[in-house]
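Just below is one structure, and these are the notes that go with it.
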2 protein chains.
Amino acid sequence: MAKARAIPLRACPVAAFQKMISGKYKLRIVWDLKDGPRRYGEIRSGLLRGTEGSAAITPRVLSRELKALTESGLIDRKDFGEVPPKVEYRLTRKGKSFVPVVAAIREWGERHLGEPVLAEAAE
Amino acid sequence: MAKARAIPLRACPVAAFQKMISGKYKLRIVWDLKDGPRRYGEIRSGLLRGTEGSAAITPRVLSRELKALTESGLIDRKDFGEVPPKVEYRLTRKGKSFVPVVAAIREWGERHLGEPVLAEAAE
DNA sequence: CAGCATCCTGCGTGATACTG
DNA sequence: CAGTATCACGCAGGATGCTG
């Protein structure tokens, strides 16, 4: 009964976090959605920013990421239900509350990643 | 050169972040080290918190994580150089600057993850 | 347009055994 | 004590083709 491989989330919030944002695109999707709802194709296009050398994300992968994010409760899927298909994804309340965290990550990343590592062996 | 699969970090700080903390233990190691230097075995023991059901992290994996963190510039390895072996790991300046980010992650995680019942009434 | 089905591959992770 | 060496495996993630 959920003890073999289940890690207590309360004891390990970072593990739960890592699991939630596992995958190459989830964080970027959330960040992309912070400006408002986006359609499937728009998200896909947005994921190409800064990755000109690489191929586009495959539908299989994107679909899975979106589904996982939905099941995590970070985003919400809105199917307009008719042809041609139109589906929008938007941040949920939970997802919006997560944006500042991503912002903190981005801010730190911009400040500390991509610049020379100045070794300091203090003391 | 270095453009084939290299994703511009500046264009994608979250990607760089994810790469940096990829792996199940890196975030927890950093968090563990925030209280001060720790020895290899101590880190290993500390990783067992909340994972009683699972086996301990294998030396191979821990070694790899520590090496990666070192090469990322987040932690520093201090080898006392004599027998019996004694090695301490500590956060670098960069690593320390990263702690608040992990704190933000933890805080968010504690608030939004692992609380199936009575969501935000317990604040 | 927004997916799903199938196949395939690399890598992260674990188990086990050995060493300085 | 603090690792390294070897083997094995599951799974994320890419390629390709098809559908409602």
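Per chain, numbering begins at 1; letters A, B, ... match sequence-line order. Computation of the quantities below employed the complete heavy-atom set of this structure, encompassing side-chain atoms and omitting hydrogens, waters and symmetry-equivalent molecules.
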Inset, instruction - Just say parallel, tilted or perpendicular for the rings of A:Phe98 and A:Phe17, cut-offs at 30° and 60°. - result: tilted
Legend entry - Side chain A:Arg60 and base D:dG14 donor-acceptor under 3.5 Å: yes
Inset, instruction - Determine the contact category for B:Thr58: base if any of its heavy atoms lies under 4.0 Å from a base atom, sugar-phosphate if only primed atoms, P, OP1 or OP2 are that close, otherwise nothing. - result: base
Legend entry - Atom-to-atom span, CG of B:Leu47 to C1' of D:dA2 - whole angstrom: 15 Å
Legend entry - Pair B:Glu88 + B:Lys78, salt bridge at N-O below 4.0 Å: no
Inset, instruction - For A:Glu65, report the nucleic acid contact type (base, sugar-phosphate, nothing); a contact means any heavy atom under 4.0 Å. - result: sugar-phosphate
Legend entry - Interatomic distance, B:Tyr40 OH vs C:dT19 C1' [rounded to whole Å]: 13 Å
Inset, instruction - Between A:Lys86 and B:Tyr25, name the one whose nearest nucleotide on DNA chain C is closer to the 5' end. - result: A:Lys86
Legend entry - Side-chain touch A:Leu62/A:Tyr40, heavy atoms, less than 4.5 angstrom: yes
Inset, instruction - Identify whether any heavy atom of B:Lys67 sits under 4.0 Å from a base atom; if not, whether one sits that close to sugar-phosphate; answer base, sugar-phosphate or nothing. - result: sugar-phosphate
Inset, instruction - For B:Pro59 and for A:Ser22, find the nucleotide of DNA chain D with the closest heavy atom, then tell me which residue's nucleotide is more 5'. - result: B:Pro59
Legend entry - Sugar-phosphate only, base, or nothing, as touched by B:Tyr89 at under 4.0 Å among non-hydrogen atoms: sugar-phosphate
Inset, instruction - Give the rounded distance in Å between these two atoms: CG of A:Leu62 and P of D:dG13. - result: 12 Å
Legend entry - B:Ile21 CD1 - C:dG12 P separation (whole Å): 13 Å
Inset, instruction - Report yes if a side-chain nitrogen or oxygen of B:Ser63 is closer than 4.0 Å to either non-bridging phosphate oxygen (OP1 or OP2) of D:dG3; otherwise report no. - result: no
Inset, instruction - When you get a sec, tell me which of D:dA12, C:dA2, C:dG12 is the closest nucleotide to the side chain of A:Arg64? - result: D:dA12
Inset, instruction - Would you mind reading off the distance between A:Gln18 atom CD and D:dC11 atom P, rounded to a whole angstrom? - result: 18 Å
Inset, instruction - Using atom CZ of B:Phe80 as one end and atom P of D:dG3 as the other, report the distance to the nearest whole Å. - result: 12 Å
Inset, instruction - Report the distance from atom CD1 of A:Ile57 to atom P of C:dC4, rounded to the nearest whole Å. - result: 13 Å
Inset, instruction - Take atom CZ of A:Arg39 and atom P of C:dG3, then tell me their distance rounded to the nearest Å. - result: 10 Å
Inset, instruction - Can you spot which of A:Lys26, A:Lys24, A:Arg28 makes a side chain to side chain donor-acceptor pair (under 3.5 Å) with A:Glu65? - result: A:Lys26
Legend entry - Over 12 non-hydrogen atoms of neighbours within 6.0 angstrom of NZ in B:Lys34: yes
Inset, instruction - Would you tell me if any nitrogen or oxygen in the side chain of B:Lys24 comes within less than 4.0 Å of OP1 or OP2 on C:dG14? - result: yes
